[in-house]
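Numbering of ligands and ligand atoms starts at 1, following listing order.
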Amino acid sequence: MKAFYAEEQKRHDPKAFLSSGAPQPNPEKPERVERLLAGARSAGLTIERPKNHGLGPIAAVHTPEYLDFLEHIFARWQRIEGASAEVIPNIHPIARDGSYPASAVGQAGYHMADTACPISAETWNSALWSAWSAVEAAEAVMAGAPSAYALCRPPGHHAFADIAGGFCFINNSAVAAQVLRGQAARVAILDVDLHHGNGTQGIFYARPDVLTVSLHADPVRFYPFFWGHADERGEGPGLGYNFNLPLPRKSGDAAFLEALASAFRRVHSFAPEALVVALGLDAFEGDPFGGLSVTTPGFARIGEAIAGLGLPTVIVQEGGYLCDALGDNLTAFLTGFGGKKG
Ligand SMILES: [Zn+2]
């Protein structure tokens with residue numbers, strides 16, 4: 001199996017975020033890339049650099065005003081006297097039914113859901129290359145590869161069509177799914193990150209051609225709080241094409257695999273022609289967020305189970321934070337999936 005990654009993806013280096021109101025070091029560190037590259041290589045994957053695919057495949061799932069914001073906000077922020085070094089919002093529209101703000105501070109609040117996605121000088125470029133890795137992996141699968149892995153960093157699944165959040169700017173899994181739609185009539189996205197894929201759900205919520213399925217820690221007391229509940233099933237023509245499987249905290253491998261079997265039944269009945277796996281590794285028991293107590297052998301079983309669907313598959317990296325086993329967990333997943341034969 002091929003893996004796609006560009007070194008520009010490492011340059012985004014967020015410094016801080018607020019956790020329960022307290023400033024903390026931002027856990028979405030560039031070093032994650034080194035661990036994930038080592039993990040992919042250990043599974044026998046070869047790393048290739050993606051091409052520059054332009055804004056087209058990104059603008060297919062994000063709004064023009066949002067992309068313009070991401071590209072220019074850091075330079076605009078620099079001109080505000082006394083502003084923070086990184087773009088961090090401090091005011092948000094309670095409902096998004098007011099006017100679109102003209103100011104940098106207003107737009108930061110409009111386009112950023114929380115404080116976990118600070119924007120600095122390299123953020124836009126890193127996010128672009130992360131998305132292009134996803135595009136390249138999708139194109140490899142469309143060209144006949146049974147599967148491909150996109151080492152997407154920064155991650156993407158909390159990014160809506162026009163909102164950044166939770167370390168995410170461009171929704172790489174959604175970009176990959178939309179590229180696959182160029183060839184496949186129906187695409188399923190299976191999100192196994194610890195956190196609900198709220199941005200991905202939002203982007204496809206009213207669409208019946210992309211099924212979104214997410215397994216995650218129950219948002220009743222966990223990020224992203226407002227989304228990820230079992231009664232969110234889609235809307236309009238998309239009603240029934242969103243499936244959430246919230247799990248109790250610390251539930252472990254067996255509960256995760258059982259929920260995965262439910263997810264597969266929904267995927268089977270949808271009969272997709274291609275699959276995107278939004279691969280978070282933060283369900284791991286030793287991850288700093290460690291909410292679901294999945295083990296390293298558990299990731300191998302998850303990979304093996306997903307490979308059993310027998311679908312052309314794009315694996316897109318989402319979360320998974322610095323801990324000793326981060327690379328091993330990726331190796332386990334990819335080896336279970338069949339990394340050496342793909
Ligand atoms: Zn996560």
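- The nearest N/O/S atom of Asp282 to the Zn ion (ligand 1) is OD2.
- Taking the six-membered ring for Trp and the full ring otherwise, the centers of Tyr241 and Phe204 sit at least 6.0 Å from each other.
- Checked against the 6.0 Å centroid threshold, Tyr110 and His92 do not count as a close aromatic pair.
- One of the N, O or S atoms belonging to Asp193 lies under 2.8 Å away from the Zn ion (ligand 1).
- When Glu28, Arg153, His158 are each tested for a side chain to side chain contact (heavy atoms under 4.5 Å, CB included) with Phe167, only one passes: Glu28.
- Residue contact annotation: His195 places an N/O/S atom under 2.8 Å from the Zn ion (ligand 1).
- With Phe270 as the aromatic partner, Arg265 does not meet the cation-pi criteria of under 6.0 angstrom to the ring centre and within 45 degrees of the ring axis.
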